[in-house]
Structure formats: C-alpha cells, structure tokens
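A quick write-up on the structure given underneath.
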Amino acid sequence: MTQPLLEVQDLHTVFSTKEGQVKAVDGVSFELNAGETLGIVGESGCGKSVTAMSIMRLQRPGRIVGGKVMFKGQDLTRISEYEMREIRGREMAMIFQDPMTSLNPVYRVGWQVGEPTRLHNGWDAKKAFSSAVSMLGRVGIPSAASRARDYPHQFSGGMRQRAMIAMGLTTTPHVLIADEPTTALDVTIQAQILDLLRHVNREFGTATILITHNLGVVAGMCQRLIVMYAGKIVEAGPTRDVFAHPKHPYTWSLLRSIPRLDADIHEPLKPIEGLPPNLIDLPGGCSFHPRCAFRVDKCSHDVPALLRVGESQQAACWVTQSGTELKGA
Amino acid sequence: MILAKYLARRFFASVIVVLGVTLITLLLMDRTRGTYVPGIDLNPSLRPEDIARLRANLGLDRPFYIWYLTWIWGVLHGDFGRSMIDGSTVMSHILDRLPNTIELTATAILVGILISIPVGVVSALRRGSKTDHTLTVVSVAGFAVPQFWLGLMLILIFSVTLEQHGLPWLPSSGAYSAYNGGDLLDRLLHLIMPATVLSFFYVSTWSRFIRSSMLEVLSQDYIRTARAKGMSERRVVYLHGLRNALIPLITLIGLELPGLVSGGLVVEVVFGWPGIGKLAFERALQYDYTTVMGVTFFATMLVIAGNLLADLLYGVLDPRIRYG
Amino acid sequence: MIGPSRVAELDMPSAGIETGGSRPAQSYWNESWERLRANRIGVGAGALILVFAAIAIMAPLVSAFITHYQPQTINLDQTFAKPGSVHWLGSDELGRDTLTRLVWGARVSLGVAFLTVAISLTVGTSVGMLAGYYGGWIDDVLMRLVDTVLAIPAIFLFILMSILFRPNPFTLAVIVASVGWGAVARLVRGEVLSVKQRDFVLATRSIGARDTRLMARHLLPNVLPVLIVAASLGVGQIILVEAALDFLGLGIQPPTASWGNMLTNAESYFFRSGWLVALPGVTIFTTVLASNIFGNAVRDAFDPRLKS
C-alpha cells in the first residue's frame, strides 16, 4: 500500500479551564489516503472539531501536547508558524459549519474567494478575482461574474457554503477539511452541498475529511469512518462494515437511534441513555461505560485500547474484543 | 432611490427637532427676559421711559410668539440677528470664534483616534495581560477625572510651578500670545494643554470601546476562516478584524461632532480659549438672547448633521446596512 | 413515513464541555445578587460610596466633634494654612477649614447626584412606558420630544436653565435631570416594546387586567434590571456634570461649599496653595471612580448581555 497523504499519530490536545484541564483530543491516530473521503462522527464536544483544528494548528486556545501530524514527510506540529501558514489555505483548506458567519461581512465575495491565491500564488487582485469568478461558477453559483461583486449578506446560506468551498479550492489543495458543512443548512440545500463535495472529491481528487454528528451524511459520502467519544476514537473501519456490524456499543446505540427504512415499524427508536460525558471529570475505565448496555466489570477499571475486531474494523471495547456480538435490547 | 427617500425622511424628522429645539431654547430665554435691559447696570441713571425705548429697540417688548416667528424668519434667510450686547451680527461672532474651536477640537479628536485605536487593539490582542490590565485601569480612571480639574492641575504643574522654578513653561490661557504671538509655534504651545485635556477624555472612552469591539470581532467565525487561509496574524487582525471593529466607532465619533462646539466648552473656559463654547457661556451670563440662540441653533444643527453623517458612513463601511 | 430526509434531520443530543456541574435553579434576582457579591472590587467601591454618603449625612456631627470647624466660619488669621494639626487638610483664602468644607460638599454632590437619578428615572420610566405601551401618536409625540431634548447640546441646556432657576441642590437636580430623563425614556421604551411582544402580556390582557395594572405589575418588573443598571452607571457622570456646573458658577453658589465651587476660587490662588486645587479634585475623582466601578459591577451582574 502507498504512503498515506496525512497521518495523525497519538494526537493530544488540551484546553486549560478554571475547573481543570480538558483533554479534548486524547490520543487520536488515523490516516487519510489521497483522494478518499473520511468521516469523523461523534456528539458535539467529543473532540472531532478540535482534532480537525489541531491538524490545521488552529486549535487555540487549546494546546497540542503530544503526537504527530505527518503530512508530506513533515510533522505539522513541529514546523514553524511561517511554514504552517504556507500549508494552510494552499495544501489544506477548511470549511466551517455556519456559512452565515464564516465570510467576512465587509468584503465582496469574489475578493474573499480569491484571497488564498493572492496570498499563496502571489496573484494580483485582478487575476485572483477572475479565478474566483470561474471557481464560483464551477461550484454552481449562477451568473458568478456579477455575484462575485456581491457582499456575503446578499448570498443565501447554501450559496455562501458554495462560496466557502470555492474559496478552499482556488489553490487546489490536497486536503479539504469540512467541519459540519451542512448542519446549519436546510435539508434540500444540505443534499446539494453534499453532492457538490462528492463532485469536488471526484473532479479535483481532493482528499476530504468530513466531520459531522450525522450518520446519515456519512453513509452516502465516506468510504471510511471514525467514531469518536470523549476525545478518543472508539471505532474505525469501512463505512459499510461499521453500519452493518458495529463493533463498539456507542456506534451500536447511535445506529439504533436513527430511523431506518428497513426497520420493523413497530420497533421504537432508541435514544442513547444517560448524559454525554463531562470532559473535566471523565469516568474511570472506558468513558462510555456508564451509558453502555453491554458493560462488564472490567469496563469501569481499565481503559480499552483501539484494536482490530473482526475482518476490517477496529474498536476500543472490552466486550467486542473478547468476541461477543452486539445484539438485543 | 431608497437613499433619497431615506434622506427625505431624515430631513423632515430633523426639521421637527430643530423647531422644537429653538422653541425650547427661546422659551427658556424668554422666561429670563422680564424687565431686563442689557447694559442697564452700566448706566443706573436711565429713566423708565428710556428703558422702555431701549427694550422696544431690541424687540424685547414684543410678545413671545412674534419674537419667535421673527427669529425663525430671519434664520430661514440666513440672518441670525444682532447681538444684544455689542450690536454686531451673531454670525460674525460665530465665524470669528469657529476657527479656534475647530482648531482645538479637531486636534483633540484626531489625537484621540490616533491613540485610542492602537491602545484598544493592543488591549484586545493581549487580553488579560499586564498591558491590558494597566490600560484598563488608566482608562477607567481617565473616565472619572473631572475635565476642568485636569485642566487646572496641568496649569498648576506646567504653567505655575515651572514658572516659579524659572523653567520654560506652557501658556495657560488663550489661543495665542497677545504680544508678538500668533506664529505657528506660539499657537501650538497654547494648544498643547487644552488639547491634551480634551483628547484625554476621548482616549479613555474610545479605547475601551475599540477593545470590546475588537474582542467581539476576533471571536467571529470569519476570523477563523481568515486564519485557515494561511495569512499572517497581522493580516488577520488588521485586514479582517480592524475594519469590522472600527465600524461602530464611526457612530461614536459622529456623535462627537457637536463636541466641536459644546464638548470643549468647559475646557475653553478653563484655558480661556476664545472658542464658540466660551462665547455661548459668557453671552448666556449676560442675557444676550440672540447670540445664545444663534450658537444653540448652530450646535443643534451640528448634532443632527453628526448623527446623519455617522449613519451614512456606517452604510458606506458596512455593506449589510441598507436604508429602508 | 420514515424516509431518508428524516435521517438527515436527525440530531444527536448536544452537550459537551459546557455541561459542567448542575446548579440549583435560582431566580434572576438571586443570581444577579450572587454575581454582584462575587465581584469584590465592585462591592468595595459600593461600600466606599456608602461610607461617603454616611459622612455626608452626618456632616454636622463631623463638624462638631471631629474637625471642630464650621464650613463657613471665616478666620482671617489662618488663611492658606498648610495641611497639619490645626487644619488637617489646610484652609482656604478666608481661613475656612478644607476638610470641613469637603465633608459638607459631599452633601451637595452626592445629594444632587442621587436626586437627579431619582428624577430622571421616574420621569424617564413614565414617559418611556407610556410611549412604548400605547404606541401610535402618543409614542410619536413623546419620542419627538425626547429627540428634541437630546439634540440640544446638554451643556447649553444646563447653562440656560441655571440662569433661569436660581440654583439650589433641588433645582440643580431638576436641571441635570432635564437631560437625563430622555435617555432613560428611550431605554425603557425599547425594553417595553420587546416585553410587549411576549405572550404573558397578551395573557394578562385577555383576563381583563387594566392598563395601569399591566404596566405596574408586569412591565415594570421587566424593565427594572435596565433601570438598575442605568441608575448605577449614571451617578458618577452626574457628579462630574454637577461639579463642572458649580465650577462654572452655574451651580451651587458660594458660600455654600460644594466640591465644584471650591475649585472656582482655588484657581485664583494657584501660587499660594496648590492644595486648594488638588484636594477637591481628588475627592471628586475618587467618588466618581468608585461610582463607575460599582456601576460596571452592577451592569455585569444584572445584565450579562452588556458585559464588555
């Protein structure tokens, strides 16, 4: 197999708060191959966004306290801020959850979309603007030439997210990180934006990390999937396998809380019991054990490692690692 | 066009306000009118007939509404009438004092902006640092210093004490020296203390304002977007942050436009600065209705113009604003 | 009935870092009060104001038992005394004791400030509430009046009114409040307009409550936080305005001592005694500073939205 494009190894990011240190990302490792789309799923606060921000080194006020982010042979956590700026926007682009607030209200859309090429390719304002116009057209903004002169407030939410994507693509980056790109949008617009991201992935060959709390989004988009809980990866594997046979009780509960077409209509949806964990005061052992329907004694004492379970998946769970299938109530 | 409609509406609203202001001012002045005659204390031997004739000459015997209508009629024709004290036109008084007042307040506002923006930005960028705390303390304290007292203390230190010790000292009164004065250096020396006092107040207000405005902007999502594009922190702060943070400041400065006339009144009195504020103050004490009316009217127009200008500038700087 | 679009709509329970320990439910007032008490500097500043107010109220006692001078007692043998054992903070050009005059001056400054706040709030709240509640032409007339009053540069209005009324502490408060009420009215009107939209107003109306009852029992408690904040932030500014008017000779007239008019004379005696200039100013500064700090603390406690 070829070298992965991006390799995150045992990443630790912490936030210092009055109440204590929050380990927002606690030993996360994964890799991203060229051209693939990887999903990172979890509840808000599970560390998925902080993981993404840490890759871009935009995690302030958090601090990366351990691990490596290998990209093109260099460790992004070690390089200088100046070198990192050359990576951001040029090699890796990022789009965010709320397109309403992610564009600067006082500058024209075209100016903002063209800004990365002015910064990184040294293009003048005119060239950058015309490249912005063509990119806006490619992401599906009608009459892009005139709309590029608009201000963000004149765009609809879906169009702003398209503009954000265009902004990310102007420098043809190798990695696109999309942090909840559709959460703030209407359902029909969500589908369009996901479609666009799929298209971008195919046409530009841009490897995409799609961060979402929505398993439905992942199902249609990602070849591989990572599930995070309380700052740790609890399950990873090909999307199809994970959906068919989840190897971690958390994933299992998530999937059971989603309405399915093929389900017995008399079977009620099952919400996950209990509260999301308090990151300042995590339970001992496996962080999920207080909410887990399958827990055994060991779970409250020892932290399970992320190990291979089954053919293609990895899971951090004492129960499935011992060979038990997740089934039943 | 929407803007034209907006301006028209603003204009009519302003007319009502201006009429109200003149009415209130004149009513207040009218209450003090009584049997008063300007300059009567200079000549106590005047007989009642003389007083009546004097009052008639000045129009003081006419009923209030006639007085008011005459005055408004005059203003509409650009005639603010003549001073009751010295007979020269009110307009000539205003035009005479205006340059001095503008010299003082424009300097103070300019200095205020030049100091408060960097101070506010630095406080915001180093939030919670020693620098930030120090600047906060200074500005909270600056807000509590009585302007006139600060003026007196500066005079005490830089004029009185320095002179007592035979050191070079700053002039404490007027806009220029009466003898051999009036050149640039002389005017600058006179300007230093009053402008310092006035800008001190602006700096303590505006720097706080810019700090909180900047902090709010820096927490916005588009700042994160800018950082993700891989630009220097300097570019993030100044190109993407500052422009947004300064928009609200425009309103504040627009609201200071009337300060061109009235904001400096106390400072002008303390430093004997021959400006419009001092003129209004002195003439009010002498019951010079026409002059006070003229200056008040002038100042009110500046208030209205300042508000309008601030709103329009806001629209230029913030594309989200549309006048509807 | 369950389709793919439902899948996309599904949200996971949202919570995370911000879900700290749970707190017992408290009323708004209790919480605000707790927040205020937790702000030590703010509480200290408030206490200082209280001490000053107590001294002001007990000025005759201070005169009689502590300084042993009356504020207007002239002693031409002891003019321009330096601070010392005879006159703790020195004496002025007529031999009057500075400390005694500062203590009596506190009555004027603080008295006028509190009175002004009271008048501004009463008038402003009434006007703002009427305008906001009834709307229509009542709103138009009242608000144009507010616009007009606020369009006249305040200092001009003060000057004209000071000439009109012979200033004593009460008229001076009226004069300063003649501008202050306008801002309060705008504030209250805005608040009333937003409260009026809420359901409980409609509900109260639908059970046949009268306007006055609705305003007093339902709207007033809702605008109260705004008023408390406005009042505590106003005191310091009013003390400054009052002092400036006194200094200009438009406020409290000599020989009655006020912090502002003590400085009017002092200006003439720079060369003899810098103390006479420094002391009243420091007193004003300290009081205003304490008021502002307390005001900021109150604002932060009662209206977290406005926190800067």
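Bear in mind the structure is a predicted one, so any value in this text is a computation, not a measurement. Protein chains get the first letters and strands the later ones, always in sequence-line order, with residue 1 at the start of each.
Listed options B:Gly20, B:Ala13, B:Ala141, B:Ala280 were ranked by heavy-atom pairs under 4.5 angstrom with chain C; first place goes to B:Ala141.
With a 4.5 angstrom heavy-atom cutoff, B:Val269 touches chain C only via side-chain atoms. Using a 4.5 Å cut-off between heavy atoms, C:Leu248 touches chain B through backbone and side chain atoms alike. With a 4.5 angstrom heavy-atom cutoff, C:Ile239 does not touch chain B via any of its atoms. For B:Phe281, the parts lying near chain C are the backbone and the side chain together; criterion is any non-hydrogen pair under 4.5 Å. For B:Phe209, no part sits under 4.5 Å from any heavy atom of chain C, backbone or side chain.
Distance check, rounded to the nearest 0.5 Å: OG1 of B:Thr296 to CG of C:Leu160 gives 5.5 Å. Going from atom CD1 of B:Ile16 over to atom CG of C:Leu145 covers 12.0 Å, rounded to the nearest 0.5 Å.
A donor-acceptor pair under 3.5 Å links the side-chain atoms of B:Trp149 to the main chain of C:Val277, judged by distance alone.
Residues of residues 283-292 of chain C that come within less than 4.5 angstrom of chain B, heavy atom to heavy atom, are C:Ile284, C:Phe285, C:Val288, C:Leu289, C:Asn292 in numerical order.
Applying the side-chain contact (heavy atoms from CB on, under 4.5 Å) test to B:Ser213 and every residue at least two apart in sequence or in another chain returns B:Ala245, B:Pro248. The side-chain contact (heavy atoms from CB on, under 4.5 Å) check on C:Val241 picks up C:Phe158, C:Val176, C:Leu245, with sequence neighbours excluded. The side-chain contact (heavy atoms from CB on, under 4.5 Å) test applied to C:Ile41 returns C:Asn39, C:Ile293, not counting sequence neighbours.
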C:Phe156/B:Val292 under side-chain contact (heavy atoms from CB on, under 4.5 Å): CA gap, chis, key distance, verdict: CA-CA 9 Å; C:Phe156 286 14; B:Val292 172; over 6 Å; no
Worked verdict on B:Leu19 versus C:Thr148 for side-chain contact (heavy atoms from CB on, under 4.5 Å): CA-CA 9 Å; B:Leu19 285 179; C:Thr148 306; over 6 Å; no
Full working for side-chain contact (heavy atoms from CB on, under 4.5 Å) between C:Ile159 and B:Leu265: CA-CA 11 Å; C:Ile159 292 174; B:Leu265 189 143; 3.8 Å; yes
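Closest heavy-atom contact between B:Thr300 and C:Ile152: OG1-CA, 4.3 Å. C:Ala151 and B:Val21 make their closest contact through CB-CG2, 4.1 Å (heavy atoms, listed as atom of the first residue, atom of the second, distance).
For B:Arg126, the CZ atom counts as loosely surrounded, since its 6.0 Å shell holds 12 or fewer non-hydrogen atoms of other residues, nucleotides or ligands. Within 6.0 Å of CD on B:Glu216 lie no more than 12 heavy atoms contributed by other residues, nucleotides or ligands. Under a cut-off of 6.0 angstrom, the local environment of CZ in B:Phe158 is sparse, with at most 12 non-hydrogen atoms contributed by other residues, nucleotides or ligands.
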